[in-house]
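Below, all heavy atoms of this structure are taken into account, side chains as well, without hydrogens, waters or symmetry copies. Convention: sequence-line order gives letters A, B, ...; per-chain numbering from 1.
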There are 2 protein chains.
Amino acid sequence: MPQRILDVAERLIQTRGFNGFSYADVSAAVGITKASLHYHFPSKGDLGLSLIRRYQHSFGDALDSLSASGRDTRAMLRGYVELYGSVLRKNRMCLCGMLAAEQSTLPVPMQRALRAFFDSNERWLVGVLEAGQRTGALRLRGSARDDARLLVAALEGALLVARSYDDAGRFEAAAARILDAIEAVDGRPGSARRAREPGRPSVT
Amino acid sequence: MPQRILDVAERLIQTRGFNGFSYADVSAAVGITKASLHYHFPSKGDLGLSLIRRYQHSFGDALDSLSASGRDTRAMLRGYVELYGSVLRKNRMCLCGMLAAEQSTLPVPMQRALRAFFDSNERWLVGVLEAGQRTGALRLRGSARDDARLLVAALEGALLVARSYDDAGRFEAAAARILDAIEAVDGRPGSARRAREPGRPSVT
DNA sequence: GTCTATAGGTGGATAGAC
DNA sequence: GTCTATCCACCTATAGAC
């Protein structure tokens, strides 16, 4: 039952924001009363915190299996981008991107968990980028850390804007272009092809 | 008086979101009652719509003076980035970026105005990028439209994330890196220097 | 675990006096 | 234009029975 509650609340936050949904909304969708919701998650902040943690774990699991897949650097980066793409295709915003917008209205524990999510994304990306640089697959222009941060920011922003237009193409184009910029090896541009591979691991 | 109301409401939305502020908040900050607020803006949607329109005009004016300034292409792009930087330094999110996150909870007229804002930004950027391409200042890898969209998305996302960390440096680094990627002329990277010019036009 | 009932507060919005 | 007073729907949260 806690999982069903989390599923519904997650969808509501990703589409409407933390201040745009209520226990009544969850109650109606799950089919139990508001009071029962409070049994599982005493306060809205508790619910939000559980949600961020679950999201980070599920994202982290997807990144782990990418790391373990033996793909090369560029394929892993495309896999990372595809995690965001799968979110957009459900007409949702990234949970943590949405919460980042509402940051100042959130309980402090949620604010901390939010940063932890972005930190772990950055760590994974830095690892991939530095490995790519060692093997010669990539020649970065700046620091791996700055490239990782730019990629996260660009993907969050691309989700944000694409959703306003209900246009996944906007996201795909921006994602392809930013990957190209990061992957570019000096004079030789990275592959200009649109990242188009089926069957990537998906995250809710 | 309408202007003071708009100023306060704008700040509240840029920091807390459309669903994170109330007429009571505006009332307390402006010093008139909620009922008087309703005289100027009958519904919250009316207030929000006026806000987007004012924001777009003020942004548009800043872009017009950039266009009229005789600066070269790269300086105009840095000026565009600086518009977002000035927002972050007030610890705010872009008004329209914030509203884009809450998009699905907004009245339809606000949703339309939101897209109009992004459209006009894109038009201005496409003009600048294509002019730069004609003069040879830029050699774009893809279409000017896609680069314009990527720049907007990356800046919105950089604001979103940087605000979670209360760290303007994150925004500056991402902005410098994305400009570099767009400005890169084949083998020769764009200027790697941090965009650091004082006295840019500012937007609220 | 789930329910009914309800507390105590805040939301956006209106009526009507001044 | 601004006020007081008020409406009522909705909010988060709790008490206590089953």
Side-chain angles (χ1 to χ4, degrees), chain A residues 1-54 95 98-99 101-111 113-114, chain B residues 1-54 95 98-99 101-111 113-114:
Chain A
M1 178 53 55
Q3 288 302 317
R4 287 184 56 208
I5 296 170
L6 290 170
D7 289 342
V8 167
E10 185 176 78
R11 190 194 77 231
L12 288 168
I13 295 181
Q14 287 185 277
T15 50
R16 305 178 51 87
F18 192 74
N19 296 319
F21 89 104
S22 72
Y23 269 42
D25 298 325
V26 181
S27 166
V30 175
I32 68 175
T33 61
K34 289 187 289 169
S36 301
L37 258 23
H38 281 285
Y39 169 81
H40 296 284
F41 303 96
S43 79
K44 208 184 174 187
D46 295 325
L47 176 55
L49 188 56
S50 298
L51 238 16
I52 299 177
R53 288 183 175 147
R54 190 181 73 149
L95 178 74
M98 180 66 85
L99 293 174
E102 301 175 290
Q103 177 237 357
S104 71
T105 71
L106 303 177
V108 169
M110 286 184 68
Q111 297 183 8
L114 215 50
Chain B
M1 177 54 53
Q3 289 301 319
R4 286 183 55 207
I5 296 170
L6 290 170
D7 289 342
V8 167
E10 185 175 79
R11 190 194 74 229
L12 287 168
I13 295 180
Q14 287 185 276
T15 50
R16 304 177 51 86
F18 192 72
N19 296 320
F21 89 104
S22 72
Y23 269 42
D25 297 326
V26 181
S27 165
V30 174
I32 68 176
T33 62
K34 288 191 292 170
S36 301
L37 256 24
H38 281 285
Y39 169 80
H40 296 285
F41 303 97
S43 80
K44 207 183 175 187
D46 295 325
L47 175 56
L49 189 56
S50 298
L51 237 18
I52 299 177
R53 288 183 174 146
R54 190 180 74 149
L95 178 75
M98 179 67 84
L99 294 174
E102 302 175 291
Q103 179 237 357
S104 71
T105 71
L106 303 177
V108 170
M110 285 184 68
Q111 297 183 8
L114 215 50

| field | Partner set under ring-ring contact (aromatic ring centres under 6.0 Å, His included) for Tyr23(B), not counting sequence neighbours | value | His38(B)

| task | Can you sort out the partners of Asp7(A) under salt bridge (charged side-chain N to carboxylate O under 4.0 Å, His left out), two or more places apart, ordered by chain and number? | result | Arg54(A)

| message | In this structure, how many angstroms lie between the C1' atom of dT6(D) and the NE2 atom of His38(B), rounded? | response | 13 Å

| field | For Ser50(B) against Leu6(B), the heavy-atom pair lying closest together | value | CB-CD2, 4.0 Å

| For chain B, the stretch of DNA chain C it reaches, first to last nucleotide, under 4.0 Å of its heavy atoms | dG11(C) to dA15(C)

| Whole-Å gap separating P (dA15(D)) and OH (Tyr39(A)) | 16 Å

| remark: Residues at least two apart in sequence or cross-chain that pass side chain to side chain contact (heavy atoms under 4.5 Å, CB included) with Ala35(B), listed by chain then number, are Thr33(B)

| Could you walk me through whether Met1(B) and Val30(B) pass the side chain to side chain contact (heavy atoms under 4.5 Å, CB included) check? | CA-CA 9 Å; Met1(B) 177 54 53; Val30(B) 174; 3.9 Å; yes

| query | Do the side chain of Gln111(A) and the main chain of Leu106(A) share a donor and acceptor less than 3.5 angstrom apart? | reply | yes

Short N/O separations, protein against nucleotides 9-11 of chain D, under 3.5 angstrom:
{"unit_1": "dC11(D)", "atom_1": "OP1", "unit_2": "Ser22(A)", "atom_2": "OG", "d": "2.9"}

| query | Taking the side chain as C-beta and beyond, is there a heavy-atom pair between Thr15(A) and Phe21(A) under 4.5 Å? | reply | no

| request: For Ala35(B) and for Gly45(A), locate the closest nucleotide of DNA chain D by heavy-atom distance; then report the residue assigned to the nucleotide nearer the 5' terminus. | output: Ala35(B)

| request: For Pro42(B), check side chain to side chain contact (heavy atoms under 4.5 Å, CB included) against everything at least two apart and list the hits. | output: Asp46(B)

